[in-house]
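One-based numbering along the sequence shown. For clarity, every value in this text was computed on a predicted model and none was experimentally measured.
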Amino acid sequence: MKKPHWLEKEELYNIIFEADTPAGRLFDIALMVAISLSIIISFIETIPTLAHTFQFVLEILEYVLTFFFTVEYIARVYCSPRPRDYIFSFFGIIDLLATLPPYLSYLLPNARYMILLRSIRFIRIFRVFKLFSFLNEGYVLMHSLRKSLTKIAVYFLFVLILVTCLGTLMFMVESGRPGTQFTDLGTSVYWAIVTMTTVGYGDITPVTPIGRLLSAFVMLLGYTIIAVPTGIVTATIIDETQEKPKDGHCPRCDAKIRKKDHYCSQCGEKL
């Protein structure tokens with residue numbers, strides 16, 4: 001007996017996972033609208049006057065959206081050729097985390113705000129509207145950050161040691177002075193971090209001339225320090241864009257490609 005039309009996994013897969021068909025494109029647009037609506041509702045619920053005025057409407061919408069996202073997630077698992085791969089993939093985990101908060105809120109009320117994780121799902125908009133060039137740039141940045149991670153980790157350790165030393169030095173200069181706010185090493189290191197990153201809250205300030213001179217030095221040092229990780233990532237991006245493509249593989253994500261392909265099926269890189 002032939003299966004009912006609506007039970008065809010392949011057709012359901014094309015609608016949910018692909019955006020090349022009118023039905024698939026319409027589904028993805030509806031999904032984006034639902035995500036936007038759920039995020040707006042989350043913001044409205046934190047405004048007491050609006051939340052009280054529209055309480056009934058917000059509750060109805062929340063139940064409807066929760067049902068929609070639950071069915072959508074189950075349908076994705078059902079029609080996926082490899083359900084396990086989807087469940088443990090990046091988008092699979094995000095889809096699950098975006099579905100669970102309304103249920104978790106019965107145990108942990110603040111867990112409902114994890115709904116904002118649904119905003120990550122907007123990444124699919126690049127596939128929906130064929131914005132492959134933008135998506136490709138995102139892959140370049142992510143791959144460059146991954147390759148630069150070791151250098152950035154070493155740099156971060158250096159900065160951590162530096163702010164600890166500067167905070168200790170400021171504590172030695174300022175501690176014991178009348179009206180000083182540098183009462184302990186933890187506070188002094190916190191001041192060094194805020195000052196070096198040029199945030200400058202102004203909640204802790206030195207009172208001695210030497211302390212102010214040291215503070216000015218740390219501020220100027222911060223401008224030179226901040227530029228280092230940007231240079232590391234930029235150099236890696238340049239190396240990535242100049243990297244020669246491998247035969248039969250995408251030059252960006254290294255996925256296998258066919259001769260007739262004009263774009264990579266994984267990252268959208270123009271071949």
Side-chain angles (χ1 to χ4, degrees), residues 39 42-43 45-48 90 93-94 97-98 100-101 104-105 107-123 137-243:
I39 293 173
S42 298
F43 277 92
E45 287 178 340
T46 61
I47 304 174
F90 171 76
I93 294 173
I94 293 298
L97 291 177
L100 289 179
L104 294 177
S105 63
L107 299 175
L108 301 170
N110 288 333
R112 64 187 303 157
Y113 297 112
M114 288 176 60
I115 284 176
L116 296 179
L117 287 171
R118 290 173 181 170
S119 60
I120 300 177
R121 303 181 73 189
F122 274 117
I123 295 175
E137 297 305 320
Y139 275 102
V140 173
L141 180 59
M142 289 180 61
H143 192 58
S144 300
L145 287 172
R146 189 161 50 244
K147 290 188 69 174
S148 305
L149 190 60
T150 304
K151 295 177 183 177
I152 293 176
V154 173
Y155 165 80
F156 176 78
L157 180 61
F158 167 76
V159 172
L160 187 62
I161 295 171
L162 184 59
V163 294
T164 302
C165 293
L166 290 172
T168 303
L169 183 59
M170 182 61 85
F171 177 74
M172 293 169 60
V173 171
E174 291 285 317
S175 63
R177 305 289 181 177
T180 184
Q181 296 171 297
F182 295 86
T183 55
D184 56 79
L185 280 174
T187 301
S188 301
V189 172
Y190 162 77
W191 165 86
I193 294 172
V194 171
T195 305
M196 181 172 288
T197 55
T198 68
V199 175
Y201 289 128
D203 53 342
I204 302 174
T205 55
V207 296
T208 64
I210 297 178
R212 291 171 181 172
L213 182 62
L214 178 59
S215 180
F217 170 74
V218 174
M219 292 177 195
L220 294 174
L221 182 63
Y223 282 106
T224 60
I225 292 294
I226 290 174
V228 175
T230 304
I232 293 173
V233 176
T234 301
T236 307
I237 290 176
I238 294 174
D239 292 339
E240 287 294 310
T241 54
Q242 293 179 347
E243 190 176 280

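By the side-chain contact (heavy atoms from CB on, under 4.5 Å) test, Ile161 pairs with Leu157, Cys165, sequence neighbours left out. Not counting sequence neighbours, the partners of Thr187 by the side-chain hydrogen bond (donor to acceptor under 3.5 Å, both in side chains) test are Asp184. Considering only residues two or more places apart in sequence or on other chains, Thr208 meets the side-chain hydrogen bond (donor to acceptor under 3.5 Å, both in side chains) condition with Glu174.
Counting only distance, with no hydrogens or angles, the side chain of Thr205 and the backbone of Gly202 share no donor-acceptor pair below 3.5 Å.
When all heavy atoms of Leu162 and Leu221 are compared, the pair lying nearest together is CD2-CD2, 3.8 Å. Of all the heavy atoms in Gly167 and Ala192, the pair that sits closest is N-CB, 3.9 Å.
Contact annotation: the side chain of Ile204 never approaches that of Val194 to less than 4.5 Å [non-hydrogen atoms, C-beta and beyond].
Taking CD1 from Ile193 and CG from Leu166, the interatomic distance works out to 10.5 Å, rounded to the nearest 0.5 Å.
Contacts classified as side chain to side chain donor-acceptor pair (under 3.5 Å) and involving residues 189-204 (residues at least two apart or in different chains) are given here: Tyr190-Asp203, Trp191-Thr195. Among pairs with a residue in residues 144-172, none fulfils ring-ring contact (aromatic ring centres under 6.0 Å, His included), at least two apart in sequence or across chains.
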Please tabulate, for side-chain N and O atoms in residues 209-220, each donor-acceptor pair with protein atoms closer than 3.5 Å (sequence neighbours left out).
none

